[in-house]
Every structure is written in structure tokens, then in C-alpha cells.
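Worksheet: the structure to be examined is printed underneath.
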Amino acid sequence: MSDKVVGVLGGGQLGRMLAASAALLNVNIVFLDVGENSPAKQIVSPRSPHLAHIDGSFVDPEKIKALASKVDILTVEIEHVDTNILEEIQSVPGAVIHPSPSTVKTIQDKLIQKQHLQSHQCPVSEFLCIESNVTSIQQTAEKFGLPFMLKSRTLAYDGRGNFVVRDIAQAEEAISALGNRPLYAEKWVPFVKEIAVMVVRSTTGEVRSYPAVETVHKDNICHLVFAPLRSRDPHIAIRAQSIAEAAVKTFQGAGVFGVEMFLMEDGSIYINEIAPRPHNSGHYTIEACETSQYENHLRAILSLPLGSTSLKVSSAAMLNIIGASSNMAEVTNFASECIKIDGCAVHLYGKSECRKGRKMGHVTVVGNSDSEVRSRLRPLLKALPSGST
Ligand code: ATP
Ligand code: MG
Ligand code: MG
């Protein structure tokens, strides 16, 4: 299919599913991650010593250079990487990095990402650049009212950079909870639903979007995804796709992007944030779409024809398996319940340790109707490890 070798910064569950797609296409893939047995590295064994995975951090310049030296194309499964080194590597003739380091750099700072989207007329809700001090937080409360959302500009995931300020007396607590990182503030968005669209962009700039989906978060972590999005106004799904496509067109480079959005009561849509990589809200595409987000990411960065993003089932749901404690047996017992259900595909990520709040796997349920999917899902929701329901 392609004799190009793909190198990936990061080797978690997204890399694991990317590796599974690479194996089907017979594409060589090499991962850089600290864990020598990380989820992605478990999937492919190197075909030659030269293509061995690298043990090290995806923010370590030397390790990133070592990865670059053995592959033809670099990509990321996480945005929190060292983009200065990626820019340096890209300046060497022949080096190929997707999406482009400038895209990852813009997106990895959520304030710069929001400013970028706003300057390209993409719909975003009100936000404010603030200093990490009590006075600044008090001024924000006066401007935005309470509650408002305080967010870390960098290194955020699973809501671990967010603090809901409900009372100005919480200002100091908020700053220390966010670890004195650079911050910005967002006005509280009273959304009726959260929605998401995966978009794939080719090396020639062609974009294709997957169907809009509904995402349900619990404690700031994605809990459930329903595909396709159902709403009284069918135009909402189409509008969400076109907003997501337009946003992705403002960035450089190929690959898939996850566009998280808020749907408001009046039908308007705001972009919450964009991920420059495969995304949790696109896991369902493995079983439910003609081409998965992982395969399309590979096709895009390898300059192969993009695959169809259409659903091939009537309805699908994805349920994350989040650790409830350090007890791994809870996860495996739950997975054993899932495989008893028709239309249910279990994905376990092969993580060596279970922790409360850690993504340990997911389950995709497909069916011929929403009601069939919901009835297949019901016993799974009841069987979830306690604490993660
Ligand atoms: P991810 O794991 O998706 O990268 P993250 O840590 O980057 O998450 P956000 O996506 O910014 O965090 O926020 C997590 C969740 O918090 C959102 O999905 C939404 O439920 C809620 N949220 C975020 N911003 C706001 C806001 N301005 N108003 C209300 N709720 C919000
Ligand atoms: Mg995020
Ligand atoms: Mg998010």
C-alpha cells in the first residue's frame, strides 16, 4: 500500500488503534513513548531492529529526533508534544510532519487556539485572556458572572485543566488547583447538548467529515457517544459538519481532527475545542463507519485516497470504560459482561495499571435502530464498575 514508515509521538490507546489500522494496511509504524510496553507498542512488533519502538518521552528533543531519523512521516497521537523540535525537524528538506507543527502549536495552547478560531470567523463562545492571580479572577467574575470556567491554556485533558469558579472566594483555590499554569477564562456555556464531528483532511487540502455525534461527559470525561446525532431539526447535524470542516480548513497539514462543539437551545453552535489527531468521540467509526478515523488518518498522512466517512449501520453508541479504582478485575469483569451482548465490540487498551478516572477501554454497540442500540446498552450501563457510572 505504502512503503513509507510512519512515526508516532505518543503510544497510548489512540496509537494502539492507529497501529491496528496500520497492520491491516501493512504500513510500518514506530512509536515513541515512555512505557516500553505502552498500549500502542503491544500491537506491532518491529519488522527490523531499525524499526524498533523508542522508549522515551514525546517531549524529549533527542528522542523525537531519533524517531524522525528512522521514519518517513511523523504524526502525533497527543498534542502536548515539543513543537519547537518538530519545527526544527520540518526545516530539514524532505521531512514530512502531519499535521504541521504550526497546527499542533496553535492547538496545544487553548487560548491561542480560541483566538485563531475567532480570527477565522469560526463560532466560539466568549473567552478572556487573564493573569493567574486573584484580582484577575475577580474581574472575570464581574465581567462573565458566575459560574464561569477557568481553564489551563496548556496540557489539558479529560477536564484536568478546568476549574468551575462558582464563587469569587474560590479564586485562590482555583489557581492552586490548576497548578499555577498559564490560564484563561471562558464564559459559562449553558449548552443543551455536546456534539462532535471528526474531520479528515488530505495532503491536498480535501476535507471530509464524519456524521455529527452526541457526546455525553461525566466529571469532564467523555462517557458516552451516540451516532448519529438525533435532533428535531435535521439541519443541525449538517451545520455542525460544515462548521467543523470550515474550522479544520483553517489549519495546515493532513490527518484527522476532532471538533468538539456545544449545541445551544436556539440551535446555534459554538466550537469548544479541536484535537489535531484521532479522538475519543471517533472511536465508534471503527465498527460503525465505512472507514475508521484511524485508517483515514493513515490514508491522509500517506497521501492515499481518503476513505468514505459514511455510517454503515443505522445506529451506534460508544461507552468509555473508565477505571473506578486500582482494581483491574473490575475492568476485565465488565468486559466479560460486554462480550455477551450482540452488536457489542470490546476494546481493552492493555494498560498495566488501573486508576480511578483512567481510560481503560471502550465498548461500541451497533444496531439496526436507536432503540436496539439503547436496549443493548442498558445492561452495560448497569454493569459498569461502581463509581464510574
Ligand atoms: P478533552 O479530554 O476533551 O481534551 P479538556 O480537558 O480539554 O477535555 P474541555 O473540553 O475544555 O476539557 O472541557 C471538558 C468539558 O467541560 C466539556 O466537554 C464540557 O462538558 C465542559 N465545559 C468546557 N468548557 C465549558 C464552558 N465554557 N461552559 C460550560 N461547560 C464547559
Ligand atoms: Mg482538550
Ligand atoms: Mg474537550
Side-chain angles (χ1 to χ4, degrees), residues 10 12-14 76-81 103-118 123-130 137 140-141 143-166 174 177-179 181-198 212-226 229 240 244 247 251 256-265 268-283 293 318 320 322-323 349 357-360 362:
Q13 65 265 20
L14 300 174
V76 298
E77 64 119 50
I78 181 163
E79 56 274 30
H80 309 306
V81 297
T103 294
V104 180
K105 196 172 204 158
T106 301
I107 285 179
Q108 69 181 191
D109 183 324
K110 290 168 103 172
L111 174 64
I112 293 178
Q113 181 192 144
K114 280 255 146 84
Q115 289 167 336
H116 168 95
L117 291 170
Q118 191 174 52
V124 288
S125 60
E126 270 187 83
F127 62 93
L128 207 55
C129 175
I130 64 162
I137 289 177
T140 308
K143 185 163 194 292
F144 282 168
L146 293 165
F148 70 89
M149 187 65 103
L150 196 61
K151 290 192 180 182
S152 169
R153 289 171 55 171
T154 56
L155 303 176
Y157 73 101
D158 289 346
R160 288 175 208 196
N162 290 358
F163 191 102
V164 182
V165 181
R166 299 184 190 278
L178 297 181
R181 284 189 266 166
L183 305 177
Y184 78 105
E186 288 182 10
K187 196 167 179 173
W188 189 256
V189 182
F191 53 80
V192 287
K193 266 183 189 168
E194 289 192 80
I195 58 183
V197 171
M198 295 304 307
V213 299
E214 177 178 355
T215 60
V216 180
H217 289 75
K218 196 162 272 184
D219 300 329
N220 283 286
I221 305 183
C222 177
H223 173 49
L224 281 162
V225 170
F226 294 102
L229 170 72
F251 293 104
V256 295
F257 293 76
V259 184
E260 299 177 13
M261 289 169 277
F262 296 131
L263 174 64
M264 309 303 288
E265 181 74 57
S268 57
I269 292 170
Y270 295 120
I271 297 178
N272 171 27
E273 62 165 346
I274 297 186
R277 51 167 171 80
H279 191 255
N280 198 164
S281 68
H283 289 347
Q293 63 165 347
M318 190 280 318
N320 267 338
I322 312 277
Y349 300 153
R358 193 175 197 201
K359 288 176 176 160
M360 302 303 294
H362 76 266

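We count ligands from 1, going down the list as the structure has it; atoms in each ligand are counted the same way. By convention here, the first residue in the shown sequence is residue 1.
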Are any of the N/O atoms in A156 less than 3.5 Å from those in ligand 1? no

Polar side chain donor-acceptor pair, H80 to Y157, under 3.5 angstrom: no

Under 3.5 Å, N or O to N or O, is N272 touching ligand 1 that way? yes

Relative to atom 19 (C) of ligand 1, which among E194, E273, M261, K187 owns the nearest non-hydrogen atom? E194

Which heavy atom of the protein is the closest neighbour of atom 6 (O) of ligand 1, given with residue, atom name and distance? G159 N, 2.6 Å

Any atoms of ligand 1 less than 4.0 Å from a non-hydrogen atom of H217? List them with their elements. 18 (O)

H279 backbone acceptor or donor facing Q293 side chain under 3.5 Å: yes

Taking only heavy atoms of D158, which atoms of ligand 1 are found under 4.0 Å from at least one of them? 1 (P), 2 (O), 6 (O), 8 (O)

Honestly, for N162 the part within reach of ligand 1 (heavy atoms, under 4.0 Å) is side chain

What one should report as the nearest heavy-atom pair of A247 and L117 is CB-CD2, 4.1 Å

For K110, the ligand 1 atoms whose distance to one of its heavy atoms is below 4.0 Å: 5 (P), 7 (O), 9 (P), 11 (O), 12 (O)

Within 4.0 Å of some non-hydrogen atom of W188, the atoms of ligand 1 are 28 (N), 29 (C), 30 (N)

Side-chain donor-acceptor pair present, N280, N320, cut-off under 3.5 Å: yes

Please check this pair: side chain of R181 against backbone of T154, looking for a donor-acceptor N/O pair closer than 3.5 Å. yes

Side chain to side chain donor-acceptor pair (under 3.5 Å) evaluation trace for H217 with E194: CA-CA 8 Å; H217 289 75; E194 289 192 80; 3.0 Å; yes

Restricting to N/O/S atoms, is E260 within less than 2.8 Å of the Mg ion (ligand 2) or not? no

Compute the minimum heavy-atom distance from F148 to ligand 1 and say whether it is under 4.0 Å. no

Looking only at protein heavy atoms, identify the closest one to atom 31 (C) of ligand 1 and say how far it is in Å. M149 CE, 3.6 Å

Pair D158 + K359: basic N to acidic O under 4.0 Å: yes

For E260, the ligand 1 atoms whose distance to one of its heavy atoms is below 4.0 Å: 3 (O), 10 (O)

Residue, atom and distance of the protein heavy atom nearest atom 27 (N) of ligand 1 read E186 OE1, 2.9 Å

Tightest non-hydrogen contact, residues I221 and G357, listed as CD1-O, 3.6 Å

Between Y270, Y157, F191, which one has a non-hydrogen atom sitting closest to atom 30 (N) of ligand 1? F191

Any salt bridge between K114 and E273, counting N to O under 4.0 Å? no

Minimum-distance protein heavy atom relative to atom 28 (N) of ligand 1: V189 N, 2.9 Å

I'd like to know if the side chain of E77 reaches the main chain of G12, judged simply by a donor and an acceptor atom lying under 3.5 Å from each other, with no hydrogens or angles considered. yes

Using a strict cut-off of 4.0 Å, indicate which atoms of ligand 1 neighbour a heavy atom of N220. 14 (C), 15 (C), 16 (O)

Can a salt bridge be assigned to the pair E214 and K193 using a cut-off of 4.0 Å between side-chain N and carboxylate O? yes

Any chance you could lay out the side-chain contact (heavy atoms from CB on, under 4.5 Å) test for R277 and L14, step after step, and finish with the verdict? CA-CA 9 Å; R277 51 167 171 80; L14 300 174; 3.6 Å; yes

Do ligand 1 and K151 have nitrogen or oxygen atoms that lie under 3.5 Å from each other? yes

Can you name the nearest heavy-atom pair linking A196 to T215, along with the distance? CB-CG2, 3.9 Å

Would G161 count as a contact of ligand 1 if the rule is a heavy atom under 4.0 Å away? no

Could you tell me which N, O or S atom of E273 is nearest to the Mg ion (ligand 3)? OE2

With a 4.0 Å cut-off on heavy atoms, is F262 in contact with ligand 1? yes

